[in-house]
Amino acid sequence: MLIRILGSAAGGGFPQWNCGCPNCVGVRRGTIAAAARTQESVAVSADGDSWFLLNASPEIRQQIESFDKLHPRAQRDTPIQGIVLTNGDLDHCLGLLSLRESQPLALYSTERILRGFSEGNVLYRTLQRFDGQVSWHLLDVGAAGEQALRLQNGEPSGLMLRAFAAPGKPALHLDQTTGGPGDNIGLLIRDTRTGKSLAYVAAVGQSSAAVVSAASSADAVFFDGTFWSSDELIALGASTRRAEDMAHWPISGPDGSLRFLAELERARRIYIHINNTNPMLREDSPERALVTAAGVEVAFDGMELEL
Ligand SMILES: [Zn+2]
Ligand SMILES: [Zn+2]
């Protein structure tokens, strides 16, 4: 399985347009050891020719252009066979509306996530201009089995997918009082040829049996790296909400996700969906040193892996 990180930042990107935190100011001015990052999206492929996107960020056009394997091979064409959505937040879905140029799209997600984006959304009609423009492949977080990620011609791609519920919340623009297990999912993607698998958990509020089981079985684990600490935004005066209130498991502390990932020694472990305020973005920070010492990596745009 080939994996390319198209974007590694959380919602807002790095730097974020309206943020004057030390990280954002420093990366704009070039005064800190940190690279700018676009919002989280990852491309996966079994053969290097046909690709699936995990999430569709607002920067999708720029991200597709940044990776030549995603460029068209004919007058009207895309190597992108499908897009998997892990939750309904706009940083994960808004890019769909930028793919409106009459290209058939296959979307893989839960019914809750797909309905949350499409229902009552007048702009979604731009993806409904002809029959079959968008096809939904529904994922069931209660199902034990895998399903094939299929090429646009219906043939199996060589990648199998299993979705599982990850502790989270409905998308911010939806009713927050009616959450359910299909609002936020993790993915286990397996290459049928090599048998290797990727656990993809870009947003998760806390540990759960399903998250532990998927991460423990995988050869690579991409994990929610949004916030270093629970009160990161509060300490900066940027918000009154704790990381957990936004359904993101903080990295640091005795109950942080770094402790959990440090124990998964057989897998390559990579933090992704990193908020611009996170001190580990600075390559020379003590926080980055702690992550590295635990055997965990920090994703950057353009990073590639082969499993
Ligand atoms: Zn997000
Ligand atoms: Zn910032």
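Atoms within each ligand, like the ligands themselves, are counted from 1 in listed order. When reading the values below, keep in mind they use all heavy atoms of this one structure, side chains included, and skip hydrogens, waters and symmetry mates.
Ion pairing of Arg268 with Glu297 is present here, as a side-chain N (NZ or NE/NH1/NH2) and a carboxylate O approach within less than 4.0 Å.
Centred on the Zn ion (ligand 2), the angle running from Cys21 (SG) to Asn276 (OD1) is recorded as 120°, rounding to 10°.
In terms of modelled atom types and a separation under 3.5 Å, the side chain of Asn278 and the main chain of Ile274 share no donor-acceptor contact. For Glu283 (side chain) and Arg288 (main-chain N/O), no donor-acceptor pair under 3.5 Å exists by modelled atom type.
The Zn ion (ligand 1) is closest to atom NE2 of His273 (considering only N, O or S atoms).
Checking Asp91 against the Zn ion (ligand 1), an N/O/S atom falls under the 2.8 Å cut-off.
With 3.5 Å as the limit, one finds a donor-acceptor pair spanning the side chains of His273 and Asp91.
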